[in-house]
Enquirer: 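Sharing a structure here in structure tokens format.
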Amino acid sequence: MDYVTNSPAETEALAEKLAARVVPGTVLALSGDLGTGKTVFTRGFARGLGITDTVNSPTFAIVNEYESHRGPFYHFDVYRIEDADELYEIGFDEYIDEPGAFILIEWPERIMNLLPKETVFIRLEKDFEQGPDYRRICIGGKDETFGH
Ligand code: ADP
Ligand code: MG
């Protein structure tokens, strides 16, 4: 599905609605260049799970963990991950296999072959001709740009 948003608030609202629909155990892979709104989207998603904590990018921590009334929420940003070994060191496979968890991963391109095949792929894109706050957001399916 393709969506358009014209503000961070709209992107958050879209993600919040999505969170209400996804089942526990879902892995979401969030692609898009720097500044397209992956972390903004994640904030809305967390809000949709009922999480009231401040959600910031876990770039340095790799993963931030939150509790929601629907289950744990793990927010990964694997931008700095060099290889699969590094990810296994932080227990990635245990996070992925945890029943009932919600998992969202920024920069999944680096770890495509480690994602479950049911992963929900989401892509955010800017289009400067449409203005600085315009974002196209594609949710679901296996976009050919993801390479699997
Ligand atoms: P990323 O995590 O993809 O690097 P961020 O979510 O950290 O990006 O930042 C996105 C930036 O773009 C924020 O400064 C936000 O205010 C701005 N922005 C402008 N328009 C939008 C929009 N429609 N959706 C999301 N963010 C937007
Ligand atoms: Mg980010």
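Whatever order the structure lists them in is the order used to number ligands and atoms, beginning at 1. Here the structure is a predicted model, which means the values were calculated and not measured.
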Enquirer: So if I only count non-hydrogen atoms and take anything under 4.0 Å from ligand 1, which residues does that give, chain by chain?
Expert: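 Lining ligand 1 at under 4.0 Å, by heavy atoms, one finds Thr5, Asn6, Ser7, Pro8, Thr11, Asp33, Leu34, Gly35, Thr36, Gly37, Lys38, Thr39, Val40, Glu106, Asp133, Arg135.
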Enquirer: Scan the side chains in residues 98-107 for donor-acceptor partners under 3.5 Å anywhere in the protein, sequence neighbours excluded, and list what turns up.
Expert:
residue: Glu98; atom: OE1; partner: Tyr74; partner atom: OH; Å: 2.9
residue: Glu98; atom: OE2; partner: Tyr74; partner atom: OH; Å: 3.2
residue: Glu106; atom: OE1; partner: Thr39; partner atom: OG1; Å: 3.2
residue: Glu106; atom: OE2; partner: Thr39; partner atom: OG1; Å: 2.9
residue: Glu106; atom: OE2; partner: His75; partner atom: NE2; Å: 2.7

Enquirer: Under 4.5 Å between any side-chain heavy atoms of Arg43 and Asn56, yes or no?
Expert: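 Yes, at least one pair of side-chain atoms sits under 4.5 Å.
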Enquirer: Work out how many protein N, O or S atoms lie closer to the Mg ion (ligand 2) than 2.8 Å.
Expert: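 Under the 2.8 Å cut-off, the count stands at 2.
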Enquirer: Would a 4.5 Å heavy-atom cut-off, applied to side chains only, mark Phe92 and Val63 as touching?
Expert: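 With C-beta onward as the side chain, the pair stays apart.
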Enquirer: Between the side chains of Arg135 and Glu125, is the shortest nitrogen-to-carboxylate-oxygen separation below 4.0 Å, so that they form an ion pair?
Expert: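 Salt bridge: no.
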Enquirer: Cation over ring, Arg110 on Tyr79, under 6.0 Å and within 45°?
Expert: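 Yes, Arg110 sits over the ring of Tyr79.
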Enquirer: Tell me, which pairs form a ring-ring contact (aromatic ring centres under 6.0 Å, His included) where one or both residues lie in residues 10-52, sequence neighbours left out?
Expert: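 ring-ring contact (aromatic ring centres under 6.0 Å, His included) check on residues 10-52 returns Phe45-Phe73.
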Enquirer: Side-chain donor-acceptor pair under 3.5 Å between Ser57 and Asp77, yes or no?
Expert: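 Yes, because at least one side-chain N or O of Ser57 sits under 3.5 Å from a partner of the opposite role on Asp77.
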Enquirer: State, with a plain yes or no, whether a side-chain heavy atom of Val27 is found less than 4.5 Å away from one of Glu118.
Expert: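 They are not in contact (no side-chain heavy atoms under 4.5 Å apart), so the answer is no.
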Enquirer: Do the side chains of Glu109 and Ser31 get nearer than 4.5 Å, heavy atoms only?
Expert: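 Contact flag for Ser31/Glu109 side chains = yes.
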